[in-house]
Amino acid sequence: MLGILSAATLTASQAVAAPSERTDEETLKVFLEAVAATRSTDYKLAVRADRDMLTGAVSTAARATEVTHLTEYSQSTFVTVPDRMYAQGEFGFGPEAFIELIFGLMRVNCAFAAVADPAMGLSMAGAATTADKSDDRTIRGTFDLSRIDGPENTMMTVKHLRTILTAKATAIPFTAVIEDRYVRSFETVLPRADGTRLVYRMELSEIGATNKIAVPPGGKIIPAPPELYE
């Protein structure tokens with residue numbers, strides 16, 4: 001149903017370059033500070049994976065994210081707060097209805113778990129363990145999936161990734177761009193257990209602008225069907 005973390009065939013131009021073995025501790029410190037600064041403000045985001053795309057916004061005041069998921073055939077909207085998600089789209093409940101999904105009850109292999117944290121790129125960036133500059137704006141390094149911590153929506157996506165990635169997801173290469181103390185993009189290639197790879201790229205814009213996001217009104221909310229839960 002959702003292919004946002006679907007397998008992708010890599011070309012040489014798509015692959016994330018392996019980081020230098022040398023770790024610049026000052027660069028790592030600056031990078032993690034940029035991640036923290038970005039996560040503390042509002043921004044617009046665009047996430048691309050294979051043929052799928054998520055676009056939307058993050059509101060720190062509301063602790064919420066609202067994104068639109070586009071494929072070649074459909075469009076869906078997701079409003080996410082720390083403990084639950086509201087999903088609207090072609091799910092068989094009517095065009096205006098939102099399914100309410102509680103993360104604490106959701107199955108980790110549920111398709112919705114893949115997009116529980118639409119801003120997962122910043123969570124991965126915050127788990128960086130090595131970093132080195134390739135120029136004034138570009139950071140190359142590695143991150144450790146096991147170091148990610150956060151609210152229920154973030155950990156739901158982490159649990160989902162652990163079911164599909166290799167066990168050695170502890171030094172995953174990434175490339176990021178920072179500008180004016182903020183993260184502008186984050187790209188990585190995630191190693192799947194079946195030997196394929198997941199190409200993930202997140203781009204941020206309008207950092208610092210105020211985004212207003214609200215959960216759907218109660219009259220439009222429908223409880224999730226039991227099969228989506230444990």
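Being a predicted model, the structure only gives us computed values, none of them experimental. This chain uses plain numbering: 1 for the first residue, then up along the sequence.
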Handout entry: Contacts of E33 that satisfy side-chain hydrogen bond (donor to acceptor under 3.5 Å, both in side chains) - sequence neighbours left out
Key = K29
Problem - I99 and P225, any side-chain heavy atoms less than 4.5 Å apart - result: yes
Completion exercise
Sorted by chain and residue number, the side-chain contact (heavy atoms from CB on, under 4.5 Å) partners of K159 (sequence neighbours excluded) come out as V108
Problem - Residue of the set K44, R48, R184 for which salt bridge (Lys or Arg N to Asp or Glu O under 4.0 Å) holds with E203 - result: R48
Handout entry: Atom CG of D135 with >12 non-hydrogen neighbours under 6.0 angstrom
Key = yes
Handout entry: Within the 6.0 Å centroid threshold, strictly below: F31 and F174
Key = yes
Practice task
Give me the one residue out of E152, R63, M155 that meets side-chain contact (heavy atoms from CB on, under 4.5 Å) with P82.
Solution key: R63
Exercise for the section: If you link ILVMFWY side chains whenever their heavy atoms are less than 4.5 Å apart, which other residues fall into the same cluster as V177? By chain and number, please. Expected result: none
Problem - Partner residues of T154 under the side-chain hydrogen bond (donor to acceptor under 3.5 Å, both in side chains) criterion, sequence neighbours left out - result: D117
Problem - Cluster overlap L54 with I213, hydrophobic side-chain contacts below 4.5 Å - result: no
Problem - Least distance between heavy atoms, R181 atom then A37 atom - result: O-CB, 3.8 Å
Completion exercise
side-chain contact (heavy atoms from CB on, under 4.5 Å) filter on Q88, not counting sequence neighbours, yields T77, E96, F98
Problem - For S146, all residues meeting side-chain hydrogen bond (donor to acceptor under 3.5 Å, both in side chains), sequence neighbours excluded - result: D144
Practice task
Consider only side-chain N and O atoms of T55 and T68, and report whether a donor and an acceptor are under 3.5 Å apart.
Solution key: no
